[in-house]
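For reference, the structure discussed in these notes is given below.
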Amino acid sequence: MNRIPAIFPAAGAIQADNLILAATGYTVVFFALLLLYFAFRLLPHLLAFNLKRKLIKTGEPEKARQAGTSVTGEVNAAIAMAVYLYLHELHDHENAVLTIKKAARIYSPWSSKIYNVIHFRGR
């Protein structure tokens with residue numbers, strides 16, 4: 001006795017083609033995310049290698065040895081806090097007093113409602 005349709009009534013609506021399409025979509029997304037993970041994971045190493053190679057070509061081996069070192073999390077947090085405080089310090093604080101001045105309007109028949117409504121009497 002097949003009890004799957006009794007438990008899940010829509011089981012008959014799922015066909016093999018739909019499952020293949022869903023599995024292919026999930027697989028493509030998973031591998032794309034995995035590829036992005038490895039790309040972002042390897043990017044700093046590739047950039048440091050390129051920088052070391054350029055520094056060795058220019059004749060600065062001392063700087064080339066320090067090029068691969070990374071900055072600690074505490075230093076990154078201090079830099080981020082300093083930038084945040086600097087950017088928020090640039091904004092000047094203004095008082096919130098608004099003055100509303102009524103302006104005199106010149107009469108214009110273009111904005112008059114009596115000319116926009118046409119009383120048409122069909123004869």
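Note that the structure is predicted; figures quoted are calculated from it, not measured.
- Side-chain heavy-atom separations under 4.5 angstrom define the hydrophobic clusters, and the remaining members of the one that includes Phe40 are Leu36.
- Hydrophobic cluster of Leu51: the remaining members, joined at side-chain heavy-atom separations below 4.5 Å, are Leu55, listed by chain and number.
- In terms of the ring pair (Phe, Tyr, Trp, His ring centres under 6.0 Å) criterion, Phe31 has no residue partners (sequence neighbours excluded).
- In this view, Val29 and Leu33 satisfy the side chain to side chain contact (heavy atoms under 4.5 Å, CB included) rule, not counting sequence neighbours.
- Screening residues 21-45 for side-chain hydrogen bond (donor to acceptor under 3.5 Å, both in side chains) gives no qualifying pairs among residues at least two apart or on separate chains.
- Applying the side-chain hydrogen bond (donor to acceptor under 3.5 Å, both in side chains) criterion to Asn76, with sequence neighbours excluded, gives no partner residue.
- When side chains are defined from C-beta on, Arg53 does not count as touching Ile56, because their heavy atoms never get closer than 4.5 Å.
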